[in-house]
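Worksheet: one structure, shown below.
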Amino acid sequence: MSTVGCLILDFDGTLTLVDEEAGPFIKAFREGLSLRLGEDLSERWEAIAARIEAQPDRYGWEHEGYIVAPAHADPYVLARSIGQILLEEAGFPPSKRHALLDELYLASYPHAKTVFRPEAQAFLEACVASGLPVYVVSNTGGERIKAKLENIVPHLLHAIGIKGNARKFVIAPPDHLHPDWRPLWEALPATCSIPGLTRAIHLHRGHYFALLTQIWDETRLSPEETLVCGDIFELDLAMPAQLGAQVHLVFRPQTAEHEKRAARSARGGGASPTLKGLFERLDLPG
Ligand SMILES: [Mg+2]
């Protein structure tokens with residue numbers, strides 16, 4: 001396996017335990033949606049969750065007509081996927097559905113608890129001590145990530161590059177594409193498929209691509225020298241793997257087998273249920 005010269009970490013679900021955090025978020029999200037629709041959603045919510053579970057490939061987080069992550073990726077994505085179906089059935093057109101779900105998501109996210117993985121602090125300390133450049137690249141806002149990291153590694157904030165609002169879910173070209181990175185973008189196929197998933201995975205995630213290339217410009221490293229870690233293969237890892245980066249899936253008990261397989265079979269790929277797998281992979285003490 002190639003040497004790792006730079007580490008890029010997703011935040012929610014990768015450094016944190018989303019299933020323990022999301023309860024109050026789900027409650028707020030569901031109440032907000034219930035108010036908008038003027039009905040008690042308790043029964044329909046569960047029925048739609050069961051429908052999604054029965055046909056997981058058919059549903060997902062939709063953004064501008066594309067499924068960008070599987071519905072069962074984490075509790076946040078599941079809530080959003082259920083919300084999409086409820087609004088669709090209530091007759092809301094796609095643009096209104098997305099705007100309303102974005103609004104509900106932003107209003108509900110502050111309710112989520114912060115529960116770091118038990119080994120997150122030691123892991124970040126060991127990574128920084130090893131001299132590896134460490135970045136957090138997440139859809140969550142940078143200030144919010146910083147405030148959360150302050151709880152466990154206030155002494156390391158200066159050493160961790162935080163890039164929030166990564167918009168990994170946007171399927172579009174980057175806003176600005178430096179000529180140096182044009183060949184890499186142009187060589188990126190629009191989609192890929194993985195065994196076990198019947199729909200294609202979209203790879204043209206231009207905002208995410210721009211942030212990754214920014215990091216490669218800052219570190220003067222290549223995709224091949226970078227390890228990208230995330231908890232959702234489709235959202236966090238599929239594009240970086242295609243760009244040549246090494247990838248590692250930190251999975252949940254509910255993560256689909258095909259996602260773990262895809263992460264493990266990528267070149268320079270790996271997967272583990274906790275961050276301990278990364279200690280081993282990076283040969284970190286602890
Ligand atoms: Mg995540």
Side-chain angles (χ1 to χ4, degrees), residues 7-23 25-26 29 56 60-63 67-81 101-102 105-106 108-120 123-124 127 134-149 152 160-171 201-202 205 207-209 211-212 215 226-241 245 247-256 258-260 262-263 266 269-275 277-278:
L7 188 60
I8 298 180
L9 303 164
D10 169 56
F11 187 72
D12 299 285
T14 299
L15 292 175
T16 73
L17 293 167
V18 267
D19 296 284
E20 292 185 28
E21 295 180 307
F25 165 92
I26 305 292
F29 189 90
W61 173 3
E62 282 173 30
H63 185 80
I67 289 187
V68 296
H72 49 76
D74 69 25
Y76 303 110
V77 180
L78 181 60
R80 202 184 164 102
S81 305
L101 291 169
D102 283 346
Y105 190 95
L106 285 176
S108 309
Y109 188 83
H111 293 270
K113 291 190 271 182
T114 303
V115 185
F116 279 97
R117 285 182 180 266
E119 62 284 13
F123 174 65
L124 290 171
C127 291
V134 180
Y135 288 85
V136 173
V137 179
S138 161
N139 292 332
T140 297
E143 284 307 309
R144 203 177 288 279
I145 295 169
K146 197 170 159 199
K148 289 190 175 198
L149 284 176
I152 56 163
I160 299 174
I162 299 175
K163 297 192 186 283
N165 294 318
R167 298 170 64 78
K168 299 176 189 177
F169 49 85
V170 173
I171 311 297
I201 289 180
H202 291 279
R205 298 170 190 257
H207 281 270
Y208 189 22
F209 180 89
L211 289 181
L212 295 179
I215 291 172
T226 305
L227 177 62
V228 181
C229 307
D231 65 313
I232 305 176
F233 180 80
E234 184 165 0
L235 192 66
D236 301 314
L237 306 181
M239 182 189 73
V247 294
H248 193 96
L249 183 73
V250 186
F251 56 84
R252 300 159 62 221
Q254 302 89 329
T255 302
H258 64 255
E259 288 192 48
K260 295 182 216 172
S272 59
T274 69
L275 296 171
L278 281 165

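Both backbone and side-chain heavy atoms feed into the values below; hydrogens, waters and symmetry mates do not. Both ligands and their constituent atoms are indexed starting at 1 by order of listing. In this chain, residues are counted from 1 in sequence order.
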**Prompt:** the Mg ion (ligand 1) is nearest to which N, O or S atom of Asp12?
**Reply:** O
**Message:** Under the criterion side-chain hydrogen bond (donor to acceptor under 3.5 Å, both in side chains), I'd like the reasoning laid out for Asn139 against Tyr76: C-alpha separation, chi angles, the key distance, then a yes or no.
**Reply:** CA-CA 12 Å; Asn139 292 332; Tyr76 303 110; over 6 Å; no
**Prompt:** Mind checking whether Tyr105 and Phe25 have ring centres under 6.0 Å apart?
**Reply:** yes
**Prompt:** For Asp10, what is the atom name of its N, O or S atom nearest to the Mg ion (ligand 1)?
**Reply:** OD2
**Item:** Asp231: its N/O/S atom lying closest to the Mg ion (ligand 1) (atom name)
**Value:** OD1
**Item:** Plane angle bin for Phe116 and Phe11 - parallel if under 30°, tilted between 30 and 60°, otherwise perpendicular
**Value:** perpendicular
**Prompt:** So His72 and His258, would you call those rings parallel, tilted or perpendicular, with 30° and 60° as cut-offs?
**Reply:** perpendicular
